[in-house]
Trainee: 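Quick one: the structure is below, questions incoming.
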There are 2 protein chains.
Amino acid sequence: MSEDNGSHLRLPDHRVGFITSADVAERAGVSRSAVSRTFTPGASVSPTVKRKVLAAADELGYRVNRLARGLISARSNLVGIVCADLETPFTGRLLSHITTALSQRGMNALVIEFSENEEDLRDAIIRILEYRVESIVMLSGSPSVSIIRECVANGVKPILVNGDTTVSGAFSVVSDDFTGAAKAADRLVAAGHRHLAVVASASSTPVQQRRTMGFVKRAETLGLTATITLNGPVSYESGVAGAHALFGTRLDQRPDGVFCTSDVLAAGFLDALRTTYGLQVPDDVSVIGFDDLPQAAWENYRLTTLRQNPVDMSRAILAAIRNIDGSADRSVVVDVTLVDRESVRA
Amino acid sequence: MSEDNGSHLRLPDHRVGFITSADVAERAGVSRSAVSRTFTPGASVSPTVKRKVLAAADELGYRVNRLARGLISARSNLVGIVCADLETPFTGRLLSHITTALSQRGMNALVIEFSENEEDLRDAIIRILEYRVESIVMLSGSPSVSIIRECVANGVKPILVNGDTTVSGAFSVVSDDFTGAAKAADRLVAAGHRHLAVVASASSTPVQQRRTMGFVKRAETLGLTATITLNGPVSYESGVAGAHALFGTRLDQRPDGVFCTSDVLAAGFLDALRTTYGLQVPDDVSVIGFDDLPQAAWENYRLTTLRQNPVDMSRAILAAIRNIDGSADRSVVVDVTLVDRESVRA
DNA sequence: CTGAAAGCGCTAACAG
DNA sequence: CTGTTAGCGCTTTCAG
């Protein structure tokens with residue numbers, strides 16, 4: 001509140017920088033321990049001392065140094081988050097939810113991005129480890145076993161988000177891609193479609209695989225076969241490519257019910273269908289996406305899609321962080337819900 | 001490389017956790033200083049000692065504790081990044097570039113999100129300050145003078161990105177919104193449009209204001225008047241609302257050249273134009289957006305827009321971070337380029 | 001409830 | 001080039 005009006009009561013010698021607990025202690029006429037206790041939730045300090053300390057701290061503009069606190073308590077209150085593709089819509093959203101949730105619990109996110117190759121991931125992890133993070137959340141990439149071991153050796157059990165669920169030594173939080181994709185198949189079949197196809201990315205990430213297989217398997221149990229087309233990264237352009245792959249050739253083999261493993265793919269796919277092939281959605285072809293990105297709700301797409309639930313996911317991630325000492329592997333599968341819009345025939 | 005095969009040479013008593021430099025020193029048969037020097041770039045160690053230390057460190061899985069290092073050197077190598085809207089496409093992209101650039105310089109990003117109110121921002125800043133960050137980058141929100149003073153008092157000069165350029169006490173990195181918007185006006189007028197309008201968000205952020213005014217002023221100097229419509233937050237829906245505001249009423253007052261202060265706005269605007277009013281772009285109306293989000297390039301929009309350059313921006317931000325001791329305020333304005341697609345009449 | 005003292009893991013200043 | 005000696009700012013026994 002009060003202005004720091006130059007009356008610095010002896011700043012430590014030549015230093016200009018931060019105010020320390022010693023400064024506050026001196027000003028308040030108490031010991032450093034008293035200051036420490038005042039700022040340690042649940043410590044026992046008399047109201048009188050507390051008040052004096054708080055006043056002095058306020059006047060001086062004192063701020064606990066978390067680095068020092070972390071040094072002694074071995075709790076940095078830092079959580080490392082590594083991801084390869086911050087720009088990816090869903091990753092951004094998830095990160096947003098996680099940082100907010102972390103904040104509410106007094107923790108902070110140390111975010112590192114890496115460029116999707118093993119060596120880079122390793123560097124990122126190591127740097128994060130140097131800050132003695134409480135845990136590491138991997139929002140993308142499939143860390144090798146050696147990297148996971150490295151984390152564990154350093155006392156932090158990694159949390160894999162939408163990663164490979166079969167890896168052991170790590171917590172795992174995933175959306176229920178498999179069931180979600182199956183729902184897509186059901187929906188398409190219920191709408192009367194028999195010529196099924198899936199447009200997926202060629203980057204065979206665990207997510208892509210689960211979604212693709214979830215759809216195909218379900219189609220199989222319904223006695224149907226689904227054509228699969230794999231194109232580039234998860235991008236709009238790959239969706240366009242998927243349309244060409246499926247509709248560019250023999251007219252008699254065209255599918256009428258298509259599942260795209262991501263909304264971005266679906267957007268490209270849909271646009272190409274209209275622009276290049278003059279096809280209407282859902283009149284000529286029904287399309288279902290995955291993720292429920294903001295764009296799925298846009299007028300131009302009105303895409304029926306499977307919604308990943310970032311709120312539940314971040315909740316699960318935070319639960320994993322708190323529970324980090326639980327020695328057993330733990331795997332949380334978060335439900336995915338079908339949101340009906342207008343890209344599937346009624 | 002080597003497996004940690006249980007031959008721990010005396011781990012500090014009862015502790016199970018991290019390996020310390022003392023452990024390494026003992027194992028390598030040297031002093032702790034030697035270990036420290038080995039891991040300090042540019043320190044003088046003999047190759048022999050270095051090799052021994054490295055070997056021991058590797059066997060033990062030693063990792064420098066940055067918390068402790070930061071404590072003494074007063075350099076945490078941490079940069080705080082606060083933002084309100086990680087989900088916003090451009091913010092995500094910018095964050096991505098910044099974290100990557102930071103990484104390359106051995107620094108790390110402490111990311112905090114806040115919910116756009118003053119009190120929240122303040123809390124975020126304070127938490128970040130507790131980690132003794134080297135500087136604070138504000139990707140959104142317009143911090144009050146008191147908050148900036150708070151930062152400065154704690155020895156970190158904040159870097160405002162796309163914020164209010166008139167605020168003093170902070171570095172400023174902004175896209176050249178004003179000139180960009182003027183370019184939009186020029187482009188529209190060159191295409192023969194005389195009935196100009198701008199669709200902006202009602203959230204009167206500095207960015208929105210600069211873009212709106214840049215367009216209006218330029219129109220004025222060209223002897224034209226531009227209608228302004230302000231609608232909600234920067235969102236797709238607000239773009240739709242903008243279309244209704246402009247085209248829902250008197251037919252004789254409809255603009256034929258519209259500038260949307262963001263691509264998201266433009267997307268909604270454009271879709272509504274087609275869907276609700278049966279208008280063609282650019283045949284009936286020309287539209288220009290801002291930001292050059294990925295969606296602007298999508299088939300369905302092919303939006304002519306002003307590109308914000310995240311690479312140059314992050315470069316400027318990093319320069320500001322390094323130069324943090326330069327006492328004078330500094331303001332960097334990053335160029336914005338018009339990218340021509342097909343939403344403006346030829 | 002409070003202060004004194006010890007020490008978290010590291011680096012830096014100082015002799016050798 | 002190397003080891004010894006002091007702390008960085010904080011928390012935490014341990015006495016009182």
Side-chain angles (χ1 to χ4, degrees), chain A residues 11-53 57 60-78 129-133 154-155, chain B residues 11-53 56-57 60-77 129-133 154-155:
Chain A
L11 266 188
D13 299 72
H14 49 289
R15 225 165 45 77
V16 172
F18 294 99
I19 309 297
T20 77
S21 73
D23 299 333
V24 177
E26 177 170 344
R27 175 113 179 187
V30 298
S31 71
R32 269 153 64 231
S33 323
V35 177
S36 172
R37 284 191 265 261
T38 302
F39 290 101
T40 304
S44 58
V45 214
S46 72
T48 330
V49 171
K50 189 164 193 164
R51 192 168 29 74
K52 281 198 290 187
V53 170
L60 261 24
Y62 171 69
R63 213 114 287 162
V64 173
N65 184 335
R66 295 247 191 179
L67 265 31
R69 174 181 280 182
L71 192 54
I72 156 77
S73 66
R75 310 266 80 195
S76 61
N77 274 304
L78 251 26
L129 249 17
E130 293 179 353
Y131 284 98
R132 300 297 188 259
V133 294
N154 281 272
Chain B
L11 265 187
D13 299 72
H14 50 289
R15 227 168 42 78
V16 173
F18 294 99
I19 309 297
T20 78
S21 72
D23 299 332
V24 178
E26 175 170 346
R27 175 115 182 184
V30 298
S31 72
R32 269 153 64 231
S33 324
V35 177
S36 172
R37 283 192 267 262
T38 302
F39 290 101
T40 304
S44 57
V45 217
S46 72
T48 330
V49 170
K50 189 164 192 163
R51 192 167 30 72
K52 280 198 290 187
V53 170
L60 259 26
Y62 171 70
R63 215 112 284 164
V64 174
N65 183 336
R66 296 246 191 181
L67 265 30
R69 175 182 279 182
L71 192 54
I72 157 78
S73 65
R75 310 266 82 194
S76 61
N77 276 303
L129 248 18
E130 292 180 352
Y131 284 98
R132 298 299 186 258
V133 294
N154 282 270

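A, B, ... follow the sequence lines: proteins, then strands. Residue 1 opens every chain. What's counted below: heavy atoms across the whole structure, side chains too, no hydrogens, waters or symmetry copies.
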Trainee: Ignoring hydrogens and geometry beyond distance, is the side chain of A/Ser33 in donor-acceptor contact with the base of D/dT12 at under 3.5 Å?
Mentor: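 Pair found.
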Trainee: Counting side-chain heavy atoms from CB outward, which of C/dG9, D/dG9, C/dT2 is closest to B/Thr20?
Mentor: C/dG9
Trainee: Please figure out whether B/Gly29 or B/Ala68 has its closest DNA chain D nucleotide nearer the 5' end.
Mentor: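 Result of the comparison: B/Gly29.
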Trainee: If I take atom CZ in residue B/Arg132 and atom P in nucleotide D/dC8, what distance separates them, rounded to the nearest angstrom?
Mentor: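 Checked: the CZ to P distance equals 14 Å.
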Trainee: Expressed in angstrom and rounded to an integer, what is the separation of B/Leu67 atom CG from C/dT11 atom P?
Mentor: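 In whole Å, C/dT11 P and B/Leu67 CG are 12 Å from each other.
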Trainee: Which is true for A/Tyr62 with a 4.0 Å heavy-atom rule: it touches a base, it touches only sugar-phosphate, or it touches nothing?
Mentor: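 Result for A/Tyr62 = sugar-phosphate.
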Trainee: About how many Å separate OG1 of A/Thr20 and CD of A/Glu26, when rounded to the nearest 0.5 Å?
Mentor: 9.0 Å
Trainee: Using whole Å, what does the distance between atom C1' of nucleotide D/dC8 and atom CZ of B/Arg66 come to?
Mentor: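 Nearest whole value for this atom pair: 17 Å.
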Trainee: So which nucleotide from D/dG3, D/dG9, C/dT11 ends up closest to the side chain of B/Leu71?
Mentor: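 Closest nucleotide to the B/Leu71 side chain: D/dG9.
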Trainee: Show the nearest heavy-atom pair for residues A/Val53 and A/Val35, with the distance to one decimal.
Mentor: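 A/Val53 and A/Val35 have their closest heavy atoms at CG1-CA, 4.0 Å.
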Trainee: Look up atom CZ in B/Arg37 and atom OG in B/Ser21, then write down how far apart they are to the nearest 0.5 Å.
Mentor: 12.0 Å
Trainee: Please confirm whether any donor atom in the side chain of B/Arg37 sits under 3.5 Å from an acceptor in the base of D/dG3, or the reverse.
Mentor: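 Pair found.
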Trainee: Without swapping roles, check the side chain of B/Ser76 against the backbone of B/Arg132 for a donor-acceptor pair under 3.5 Å.
Mentor: yes
Trainee: So A/Val35, base contact, sugar-phosphate only, or nothing? Heavy-atom distance under 4.0 Å.
Mentor: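 Here A/Val35 touches no strand at all.
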Trainee: Nearest 0.5 Å, what's the CG-CG distance between B/Asn65 and A/Leu129?
Mentor: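 Reported to 0.5 Å precision, the distance equals 10.5 Å.
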Trainee: For a quick check of understanding: with a heavy-atom distance under 4.0 Å over all strands, which category does A/Ser36 fall into, base, sugar-phosphate or nothing?
Mentor: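 Base contact.
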Trainee: Could you state the atom-to-atom distance from CD of A/Glu26 to P of C/dA4 in whole Å?
Mentor: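 Whole-Å distance recorded here is 13 Å.
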Trainee: Let's see if you can work this out: which of C/dC1, D/dT2, D/dG9 has an atom nearest to the side-chain heavy atoms of A/Ser44?
Mentor: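 Looking only at side-chain atoms, A/Ser44 lies closest to C/dC1.
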Trainee: Using whole Å, report how far NZ of B/Lys50 lies from P of D/dG3.
Mentor: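 About 15 Å, once rounded to whole Å.
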Trainee: Round to a whole Å and report the spacing from CD1 of B/Ile72 to P of C/dA12.
Mentor: 6 Å
Trainee: What's the CG-P distance between A/Asn65 and C/dG9, to the nearest Å?
Mentor: 16 Å
Trainee: Provide, to the nearest angstrom, the distance between the CZ atom belonging to B/Phe39 and the P atom belonging to C/dG9.
Mentor: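 Whole-Å distance recorded here is 16 Å.
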